[in-house]
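Counting from 1, the numbers follow the sequence of the chain as shown. As the structure lists them, so they are numbered: ligands from 1, and atoms in each ligand from 1.
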Amino acid sequence: MPELIGVTGGPTKPEIIAVSLFKLDIRDGDVFADVGCGTGLISIEATRLAKNLKIYAMDARAAAVDAATQNFKNFGIENTEVILGESSAVISNLEKVDCAFVGGTKNITAVLDALIEKGARSIIVNAVRIETVVRVIEHMKMRGVFDEAVHIIASRGEELTGETMFKPENPVFIMSAKQKE
Ligand SMILES: C[S@@+](CC[C@H](N)C(=O)[O-])C[C@H]1O[C@@H](n2cnc3c(N)ncnc32)[C@H](O)[C@@H]1O
């Protein structure tokens with residue numbers, strides 16, 4: 001396995017990716033939007049769950065776009081477009097989106113609106129700030145697409161004097177929206 005190039009804020013922890021992608025229900029041939037893609041690891045893992053994806057990975061930071069571009073190349077991930085920009089604007093320019101993972105929550109209501117307008121049947125949002133969580137749940141409910149919210153707390157085993165202690169990871173909220181196909 002190649003080594004993943006990191007960026008500030010990424011990669012998302014594997015336990016959070018596992019739950020998020022399970023809930024996303026990604027399918028063969030989907031158009032997938034990785035919103036606030038950071039390293040691009042979410043897209044890389046998504047390609048292990050579904051074939052023939054068309055991936056649009058986007059981030060407002062040039063460093064993230066560079067890292068994701070290089071990571072896709074190193075991991076042999078094809079059919080990807082990595083786009084620098086504000087996600088709500090980037091999504092508005094896409095023809096359609098089947099499902100989306102939102103890992104960056106700036107302008108989140110505009111991002112959700114853009115994904116809903118493009119017909120996304122499944123949207124997963126990760127958030128760590130309670131104000132964002134409330135904003136996301138309220139907006140999803142207002143748009144009639146709210147599915148569920150879960151709060152994940154994981155601890156990772158670490159060696160301590162030859163034995164194992166567990167250190168807590170940051171808690172993450174996972175919000176899910178579903179739209180009729
Ligand atoms: C927590 S990091 C994502 C980590 C990523 N899932 C990974 O595994 O590497 C959040 C990213 O979202 C980006 N971001 C936040 N809001 C955004 C927006 N509205 N449009 C584009 N990028 C955004 C940030 O620049 C940052 O790189």
With E86, which residues qualify under salt bridge (Lys or Arg N to Asp or Glu O under 4.0 Å), at least two apart?
-> none
Write out each pair where an N or O from ligand 1 and one from the protein are under 3.5 Å apart, with the distance.
{"residue": "ligand 1", "atom": "6 (N)", "partner": "T12", "partner atom": "OG1", "Å": "2.9"}
{"residue": "ligand 1", "atom": "8 (O)", "partner": "T12", "partner atom": "N", "Å": "2.9"}
{"residue": "ligand 1", "atom": "8 (O)", "partner": "T12", "partner atom": "OG1", "Å": "3.2"}
{"residue": "ligand 1", "atom": "9 (O)", "partner": "T39", "partner atom": "N", "Å": "2.9"}
{"residue": "ligand 1", "atom": "9 (O)", "partner": "T39", "partner atom": "OG1", "Å": "2.6"}
{"residue": "ligand 1", "atom": "16 (N)", "partner": "K106", "partner atom": "N", "Å": "3.2"}
{"residue": "ligand 1", "atom": "19 (N)", "partner": "E86", "partner atom": "OE1", "Å": "3.0"}
{"residue": "ligand 1", "atom": "19 (N)", "partner": "E86", "partner atom": "OE2", "Å": "3.3"}
{"residue": "ligand 1", "atom": "19 (N)", "partner": "K106", "partner atom": "O", "Å": "2.9"}
{"residue": "ligand 1", "atom": "20 (N)", "partner": "S87", "partner atom": "N", "Å": "3.0"}
{"residue": "ligand 1", "atom": "20 (N)", "partner": "S87", "partner atom": "OG", "Å": "2.8"}
{"residue": "ligand 1", "atom": "22 (N)", "partner": "A60", "partner atom": "N", "Å": "3.1"}
{"residue": "ligand 1", "atom": "25 (O)", "partner": "D59", "partner atom": "OD1", "Å": "2.7"}
{"residue": "ligand 1", "atom": "25 (O)", "partner": "R61", "partner atom": "NE", "Å": "3.1"}
{"residue": "ligand 1", "atom": "27 (O)", "partner": "D59", "partner atom": "OD1", "Å": "3.2"}
{"residue": "ligand 1", "atom": "27 (O)", "partner": "D59", "partner atom": "OD2", "Å": "2.7"}
{"residue": "ligand 1", "atom": "27 (O)", "partner": "R61", "partner atom": "NE", "Å": "3.3"}
{"residue": "ligand 1", "atom": "27 (O)", "partner": "R61", "partner atom": "NH2", "Å": "2.7"}

Would you please say whether a donor-acceptor pair under 3.5 Å links the side chains of S20 and N126?
-> yes
Is it true that a side-chain atom of R143 and a backbone atom of A177 form a donor plus acceptor pair closer than 3.5 Å?
-> no
Basic-acidic side-chain contact under 4.0 Å: D30, R121 | yes
Taking it one step at a time, do K13 and N170 satisfy side chain to side chain contact (heavy atoms under 4.5 Å, CB included)?
-> CA-CA 10 Å; K13 294 283 188 293; N170 290 336; over 6 Å; no
Can you spot which of Q179, E181, K178 makes a side-chain hydrogen bond (donor to acceptor under 3.5 Å, both in side chains) with S122?
-> K178
